[in-house]
Amino acid sequence: MLAAIAATCAFSFTACSDDDDDNTTNIISEFSYNDTRVAQQKAQSGKDEAILLVAFGSTWSNAFSAFDHTVAEYQKAFPEADVYLCFSSDICINRASAGENGEARDYYEPRYLLHAIGAARYSKVRVQSLQVIPGEEFANVVASVKKFMNNGYIASARLDDAYLKSLNDNEAIFLGMPLLNSYEGEGNDVDRVASILNQECKAELADGVVAFMGHGNPDSYDTFKANVRYTQLEDALQRISPNYFVGTVDAAGTYKQDVHSNMVAAGKTSGNIYLHCLMSIAGDHAHNDMAGEGSDYWDADEPASEDNSWYEYFNHNGYKSIVPTVNGDPQGLLEIPGILNVWIDHTREAEFLEDAYHSMYPEE
């Protein structure tokens with residue numbers, strides 16, 4: 001039965017239907033499958049606490065390995081809890097299931113895992129954002145948790161409202177913040193991450209410039225004005241060394257051309273440039289937008305095109321681009337032990353999510 005449900009779920013990732021009933025059936029199947037597997041995990045472990053890690057997602061095998069490693073490290077750090085991981089990106093879920101880059105993996109949206117955790121009636125739930133900045137994707141994580149607490153999923157998958165109220169009354173639902181959450185005060189996240197990145201890149205500084213490529217939110221989606229974290233991180237890194245620079249794929253004012261302009265203004269007009277991914281994992285953006293090599297990643301007629309990779313852009317502007325790799329792949333932040341520990345500490349320090357619970361049933 002479980003295998004049959006799993007097969008139905010895998011199909012529902014990639015299939016589209018004009019029949020609303022069919023779509024509802026697929027949604028219910030994904031609730032049912034996750035409810036079953038989480039219930040089995042809880043029965044096997046005997047644990048009464050759950051941690052849900054929420055990543056944007058990826059379709060690359062090296063990223064899957066990074067997520068596996070992250071779950072394993074969380075299991076070590078929180079032996080009292082069952083640890084689950086989900087993707088918030090539908091595109092990543094669909095393409096990962098289809099094996100876009102060779103390896104097929106099934107991941108699920110937060111709503112399915114949250115419902116399963118609630119159906120298994122864990123008495124303490126911690127939800128940890130694996131986002132880098134507290135921006136648009138983090139806002140989606142918050143919305144998912146609130147929808148869970150408000151019992152807002154489809155009627156066929158509703159939870160026991162009294163159970164959800166108990167999580168609220170017992171202050172037992174917690175939200176862990178993104179990597180670069182704090183930027184002021186002693187031990188803030190921005191300074192801490194800058195220090196760890198410097199330890200990782202010290203040798204490269206003696207040989208050239210080090211540039212980090214984050215994602216960023218487009219201006220129209222700059223939720224919580226979180227793009228400023230990239231500028232704050234660059235400032236923190238440059239207090240350590242003027243050879244550090246930070247840019248993004250999507251945030252205006254921090255594109256590769258802006259990074260280049262800042263380098264030139266600082267007198268860095270040639271030499272080696274080491275390119276690193278400033279994202280939780282090294283996925284499409286790291287492999288293509290940052291590290292892409294060859295004619296597919298450079299258009300001489302449009303040298304400022306966003307389709308040109310950082311690697312080719314800097315190679316064609318007087319520098320020698322170098323992308324450090326592990327087993328042939330760029331590294332994401334989750335693969336750096338010190339950085340992963342920042343996320344783990346955020347989970348330890350996670351606060352009760354106030355005002356998350358409002359019963360869907362009116363009070364009598």
Side-chain angles (χ1 to χ4, degrees), residues 47-56 66-67 69-86 88 110 113-114 117-118 122-146 148-149 164 166-200 214 223-226 228-230 232-233 236 278-281 332-357:
K47 297 174 182 178
D48 206 31
E49 298 184 16
I51 294 174
L52 178 62
L53 307 175
V54 186
F56 179 78
F67 288 133
H69 171 73
T70 299
V71 169
E73 290 301 305
Y74 261 83
Q75 289 169 335
K76 292 177 187 175
F78 300 93
E80 72 281 10
D82 287 328
V83 181
Y84 304 97
L85 182 140
C86 64
S88 61
L113 272 298
L114 284 167
I117 287 168
Y122 283 94
S123 64
K124 183 176 181 179
V125 180
R126 283 173 282 200
V127 179
Q128 176 60 53
S129 161
L130 293 181
Q131 279 66 45
V132 174
I133 62 171
E136 178 190 9
E137 291 303 322
F138 174 63
N140 291 337
V141 176
V142 177
S144 294
V145 178
K146 287 192 173 184
F148 159 68
M149 285 299 292
L164 295 175
S166 72
L167 286 182
N168 184 78
D169 290 346
N170 296 331
E171 298 190 357
I173 177 77
F174 300 86
L175 180 65
M177 305 304 284
L179 180 69
L180 298 176
N181 183 56
S182 63
Y183 66 97
E184 292 180 323
E186 185 177 352
N188 70 76
D189 296 331
V190 170
D191 286 343
R192 183 179 175 189
V193 168
S195 177
I196 296 166
L197 292 176
N198 178 57
Q199 291 299 318
E200 291 290 313
T223 309
F224 306 133
K225 303 297 182 185
V228 71
R229 289 293 187 273
Y230 297 109
Q232 291 164 341
L233 179 62
L278 191 67
M279 303 181 196
S280 61
I281 50 83
L333 296 173
L334 287 172
E335 297 172 83
I336 301 174
I339 301 293
L340 176 55
N341 284 338
V342 177
W343 267 299
I344 289 174
D345 285 346
H346 284 187
T347 309
R348 290 195 178 101
E349 298 159 1
E351 296 184 357
F352 168 61
L353 186 62
E354 295 186 72
D355 300 323
Y357 174 79

| Could you go step by step and tell me if Leu180 and Val342 meet the side chain to side chain contact (heavy atoms under 4.5 Å, CB included) rule? | CA-CA 9 Å; Leu180 298 176; Val342 177; over 6 Å; no
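- Across every non-hydrogen atom of Arg229 and Ile133, the tightest pair is CB-CG2, 3.8 Å.
- Looking at heavy atoms from C-beta onward, Ser88 lies out of side-chain contact with Asn140 at the 4.5 angstrom threshold.
- We find the CD1-CD1 distance between Ile196 and Ile336 to be 8.5 Å, quoted to the nearest 0.5 Å.
- Side-chain N or O atoms of Ser129 include none that pairs as donor or acceptor with a backbone N or O of Phe138 at under 3.5 Å.
- Rounded to the nearest 0.5 angstrom, Glu73 CD and Asn341 CG are separated by 8.0 Å.
- In terms of heavy atoms, Val132 sits closest to Leu278 at CG2-O, 4.0 Å.
- Looking at Phe56 and Met279, their side chains never come closer than 4.5 Å, going by heavy atoms from C-beta outward.
- Taking 4.5 Å as the limit, some side-chain heavy atom of Leu175 sits within range of a side-chain heavy atom of Val142.
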Report task. Go through His69 and Glu335 one step at a time and tell me if the side chain to side chain contact (heavy atoms under 4.5 Å, CB included) criterion holds. Result -> CA-CA 8 Å; His69 171 73; Glu335 297 172 83; 5.9 Å; no
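- To the nearest 0.5 Å, atom CG of residue Leu353 and atom CD of residue Glu171 are 11.0 Å apart.
- Contact check for Val54 versus Tyr84: no side-chain heavy atoms found under the 4.5 Å cut-off.
- Using a 4.0 Å cut-off between a side-chain N of Lys or Arg and a carboxylate O of Asp or Glu, Glu80 and Lys47 do not qualify as a salt bridge.
- Between the OG atom of Ser280 and the CH2 atom of Trp343 there is a distance of 5.5 Å, given to the nearest 0.5 Å.
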Could you walk me through whether Leu197 and Leu333 pass the side chain to side chain contact (heavy atoms under 4.5 Å, CB included) test, one step at a time?
-> CA-CA 9 Å; Leu197 292 176; Leu333 296 173; 4.1 Å; yes
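- Residues Ile117 and Leu52 have side chains in contact (heavy-atom distance under 4.5 Å, counting atoms from C-beta outward).
- Of the possible polar contacts, one joining the His346 side chain to the Met177 backbone as a donor-acceptor pair under 3.5 Å is found.
- Side-chain N or O atoms of Lys124 include none that pairs as donor or acceptor with a backbone N or O of Leu167 at under 3.5 Å.
- By the salt bridge (charged side-chain N to carboxylate O under 4.0 Å, His left out) test, Asp82 pairs with no residue at all, sequence neighbours left out.
- Surrounding CZ of Phe78 are more than 12 heavy atoms belonging to other residues, nucleotides or ligands, all under 6.0 Å away.
- Figure legend: cation-pi geometry between Arg348 and Phe174 absent, as NZ or CZ is not positioned both under 6.0 Å from the six-membered ring centre and within 45° of its axis.
- No side-chain heavy atom of Asp191 sits under 4.5 Å from any side-chain heavy atom of Tyr183.
- Side-chain contact between Glu184 and Val190 is absent, with no heavy-atom pair separated by less than 4.5 Å.
- In this structure, the side chains of Leu179 and Gln131 stay at 4.5 Å or more apart for every pair of heavy atoms.
- Under 3.5 Å, the side chains of Asp48 and Ser123 contain a donor-acceptor pair of N or O atoms.
- Between Phe224 and Pro134, the shortest heavy-atom contact is CD1-O, 2.9 Å.
- Contact detail for Ala55 and Phe67: the closest heavy-atom pair is CB-CE2, 3.5 Å.
- Minimum heavy-atom separation, Pro110 to Cys86: CA-SG, 3.6 Å.
- A distance of 12.0 Å separates CD in Glu349 from CD1 in Ile344, rounded to the nearest 0.5 Å.
- Across every non-hydrogen atom of Val83 and Tyr74, the tightest pair is CG1-CB, 3.9 Å.
- The CD1 atom of Ile173 sits 14.0 Å away from the CD atom of Glu351 when rounded to the nearest 0.5 Å.
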